[in-house]
Amino acid sequence: MTIEGLDFSGKSTLVRLLRQRFSETPALGQTMFTREPGGTPAAERIREVLLDPELEVDAWTEAYLYAAARADHVRNGLRPALAEGAVVVCERYLDSSLAYQGAGRGLGVDTVRWLNGWAVDGLVPDRTFYLALDAAERERRAWESGASLDRIERAGAGFMGRAEECFEELAQKETERMVRLDATSPPGELAEAMLREVRDLLYTHPG
Ligand code: TMP
């Protein structure tokens, strides 16, 4: 399963909670928590380049680097874990590239999907939880956090607005895979909702 959403949608808090809940639920079996860009040593190095605020990176280079990190993560991280029967929870995946590079940077959603074809190699998440957060609330949280922004977070409101629209469209189109959650709900409730879905999935489609 994957977790998607704009920056400051609360993914990290939720993942911390989920880790705890998963460890208290041995019936779920082996689990692996991972993230993109990253998840393998090579992909984590690519992450450093991608998020470095000192670097100016061309939009196509950015899209290829996200795809390159993903190619390594799929082959050396995700597939091996899935082959061992683990439940995999991945923070961000292909949808982030569609939203940020496809819509945000304006490269085109279909083009970025195509460009990622070899990277994902047919690996589609069983469930994607999309944490929906409107732009105003995002701005408020970014300001409140006081954190220094990475290269992508500095891209501006227009960029994030386009990315948000794309996430919303994907959630509307791909209702079988994507579950839209309100990012302003209490994290405990969100974690429970996700656990319920994962349990349903395991019991209705075991293996
Ligand atoms: P994170 O802050 O959620 O770890 O993600 C790092 C940044 O990378 C975040 O601003 C979203 C961005 N991103 C893309 O632009 N495209 C992608 O394909 C992925 C996975 C992340």
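Counting convention: from 1, in listed order, for ligands and their atoms alike. Just so it is clear, the structure is predicted and the values come from calculations on it, not from any experiment.
Ring planes of W60 and Y64: tilted class, angle from 30 to 60°.
Cluster partners of L149, by chain and number: F8. The rule joins Ile, Leu, Val, Met, Phe, Trp and Tyr whenever side-chain heavy atoms lie under 4.5 Å apart.
Counting only N and O atoms by type, the side chains of D72 and T40 include a donor and acceptor under 3.5 Å apart.
Under the 6.0 Å cut-off for aromatic ring centres, F33 and F22 qualify, their centroids lying closer than that.
Sorted by chain and number, the residues within 4.0 Å of ligand 1 by heavy atom are D7, K11, E36, P37, R47, L51, Y66, R70, R92, S96, S97, Y100, Q101, I152.
Judged by the 6.0 Å and 45° rule, R105 forms no cation-pi pair with Y100.
Salt bridge E144/R141: absent, no basic N to carboxylate O contact under 4.0 Å.
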